[in-house]
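Let me begin by presenting the structure, written as structure tokens, before commenting on it.
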Amino acid sequence: VNLHRSSLRELCAAARSYNRAVATSPVLKQLGSLPVARFLRDAWQRRPLLIRNAFPGFVPPVSRDALFELARRDDAESRLIARVDERWSMKHGLLRGLPSTRRPEWTLLVQGVDLLDEGAHELLSRFRFVPDARLDDLMVSYATDGGGVGPHVDSYDVFLLQAWGRRRWRISRQRDLALVPDAPLKLLADFRADEEWVLEAGDMLYLPPG
């Protein structure tokens with residue numbers, strides 16, 4: 001691997017930051033009033049679980065403006081997803097310009113924020129009660145009214161932690177996984193929700209693979 005000195009310094013600094021976060025961030029023992037041990041026994045990779053007030057008084061490590069700045073960086077993996085008249089579009093970063101926050105139905109997603117922000121590092125480190133092989137990254141999303149990424153299937157565990165505002169989540173156990181043809185995202189063509197919830201700040205929804 002050929003690295004410039006500045007890149008090597010940044011890589012070493014990121015590694016030191018990660019090691020500090022792992023060493024100083026206490027691994028979660030409780031998710032709200034639910035002991036983590038009970039979560040692992042009863043829900044982990046078994047069933048969806050909504051945990052109200054999982055993080056009492058939660059303060060997001062990254063503000064909205066800071067997230068927008070990350071989306072403009074060339075070392076961030078970001079996507080802008082929008083829907084107009086039921087037509088979906090997706091742009092990948094660098095995202096120099098974002099739509100107005102007053103415009104509905106768009107979502108910004110920034111992947112790997114734990115590699116870019118120490119506070120996000122620390123938050124992800126608190127989830128090290130799951131096996132390292134299942135611990136991937138911390139993604140932060142921001143959506144305006146009606147924004148979202150559409151009905152889809154994830155092949156990994158997801159902890160959806162509400163940072164600000166309110167958001168509706170709908171899930172399905174359906175077997176029909178046919179996709180919308182020619183869409184920029186892998187969207188389920190005939191999504192039929194089994195359950196739905198509105199999450200408030202501090203609430204968390206866990207979804208197992210599928």
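These values consider heavy atoms only, across backbone and side chains, with no hydrogens, waters or symmetry-generated copies. Predicted model, so just to flag it, every value in this text is computed and none were measured.
The shortest distance between side-chain heavy atoms of L50 and L199 falls below 4.5 Å.
In the hydrophobic clustering of this structure, M139 does not group with V153; members are Ile, Leu, Val, Met, Phe, Trp, Tyr whose side-chain heavy atoms approach within less than 4.5 Å, directly or through other members.
One N or O on the side chain of R96 and one on the backbone of R72 form a donor-acceptor pair closer than 3.5 Å. In this structure, the side chain of D117 engages the main chain of G119 through a donor-acceptor pair within 3.5 Å. Between the H92 side chain and the R79 main chain, no donor and acceptor come within less than 3.5 Å of each other. The main-chain N or O of L138 is found under 3.5 Å from a side-chain atom of D114 such that the two form a donor-acceptor pair. Using modelled atom types, one side-chain atom of D203 and one backbone atom of N53 make a donor-acceptor pair closer than 3.5 Å. Checked by atom type and distance alone, the side chain of S172 never pairs as donor or acceptor with a backbone atom of D194 at under 3.5 Å. Looking at Q174, its side chain does come within 3.5 Å of a backbone N or O of R192 through a donor-acceptor pair.
Taking the six-membered ring for Trp and thresholds of 30 and 60 degrees, F68 and W106 have ring planes inclined between 30 and 60 degrees apart. Aromatic ring pairs are classed by plane angle as parallel below 30°, tilted from 30° to 60° and perpendicular above 60°; the pair F127 and F55 is parallel.
The neighbour count for D42 CG, taken as heavy atoms of other residues, nucleotides or ligands under 6.0 Å away, is above 12.
For the atom pair D137 CG and Q111 CD, the distance stands at 4.5 Å (nearest 0.5 Å).
In this structure, the ring of W164 has its center no less than 6.0 angstrom from the ring center of F58.
E200 and R52 are not joined by a salt bridge, as no carboxylate oxygen comes within less than 4.0 angstrom of a charged side-chain nitrogen.
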Derivation of the side-chain contact (heavy atoms from CB on, under 4.5 Å) call for M90 and L109 | CA-CA 11 Å; M90 179 169 63; L109 303 141; over 6 Å; no
Q45 and D157: CA distance, side-chain angles, deciding distance, side-chain contact (heavy atoms from CB on, under 4.5 Å) verdict | CA-CA 7 Å; Q45 297 201 319; D157 304 277; 3.2 Å; yes
For the pair V180 and L185, evaluate side-chain contact (heavy atoms from CB on, under 4.5 Å) and give the outcome as yes or no after the intermediate values.
-> CA-CA 8 Å; V180 176; L185 302 156; over 6 Å; no
Is there a side-chain contact (heavy atoms from CB on, under 4.5 Å) between L49 and L31 once you walk through the steps?
-> CA-CA 11 Å; L49 182 65; L31 295 168; over 6 Å; no
